[in-house]
Undergrad: 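What follows is a structure written as structure tokens; I'll ask about it next.
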Amino acid sequence: RKQEKPSPKRTDSTSRTARREFIKTPAAGKVAAEVARDLLTKTPCLLLGDQGVGKNMLIDYVLDQLGYEKEYLQLHRDSSIATVTTSPHRFA
């Protein structure tokens, strides 16, 4: 009997993200619809929440549904509301 080799562990962030699935509960669906509406109307949107509550997963789901790509904005300790809102950013 041939022994199977264990599959390699996936450690990159893409594979970790791919294993999780967005579960569209009524509350999550409502927020997703509001975020989608904001993206489609080019209205700025800010998601606030504790680490691990699913903000990135929600955005990934909405962007996937709309066929958009994610654009990253790097913030640091010297970032301010003025620098974030007045800097030229390209929104889909």
Side-chain angles (χ1 to χ4, degrees):
R1 188 172 175 190
K2 191 175 183 179
Q3 257 187 336
E4 292 182 24
K5 292 181 183 178
S7 59
K9 290 184 180 180
R10 293 180 172 185
T11 55
D12 63 284
S13 61
T14 305
S15 62
R16 280 195 302 264
T17 303
R19 281 189 257 158
R20 289 186 247 154
E21 184 179 325
F22 179 76
I23 299 173
K24 193 174 171 184
T25 63
K30 181 179 178 187
V31 174
E34 291 173 1
V35 170
R37 180 198 64 221
D38 288 346
L39 287 171
L40 291 170
T41 60
K42 299 185 182 197
T43 303
C45 177
L46 176 65
L47 295 178
L48 296 174
D50 292 331
Q51 182 177 352
V53 297
K55 298 177 298 290
N56 279 313
M57 188 178 294
L58 173 79
I59 291 299
D60 290 342
Y61 171 78
V62 172
L63 293 176
D64 183 58
Q65 295 297 304
L66 296 175
Y68 289 179
E69 290 185 27
K70 188 186 285 187
E71 184 174 330
Y72 292 90
L73 174 65
Q74 184 67 43
L75 300 177
H76 49 82
R77 68 181 180 165
D78 296 327
S79 297
S80 68
I81 297 292
T83 60
V84 173
T85 57
T86 58
S87 297
H89 298 290
R90 180 177 44 86
F91 295 101

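Sequential numbering from 1 along the given sequence is applied to the chain's residues. Predicted model, so just to flag it, every value in this text is computed and none were measured.
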Undergrad: To the nearest 0.5 Å, what is the distance between CD (E34) and OG1 (T43)?
TA: 12.0 Å
Undergrad: Please report, to 0.1 Å, the donor-acceptor pairs under 3.5 Å made by any side chain of residues 50-59, with sequence neighbours excluded.
TA:
unit_1, atom_1, unit_2, atom_2, d
K55, NZ, G49, O, 2.9
K55, NZ, D50, O, 2.9

Undergrad: Holding to side-chain contact (heavy atoms from CB on, under 4.5 Å), I want the full list of residues that pass it with K24, two or more places apart in sequence or in another chain.
TA: F22, Y61
Undergrad: Cluster partners of L46, using ILVMFWY side-chain heavy atoms under 4.5 angstrom, listed by chain and number?
TA: L48
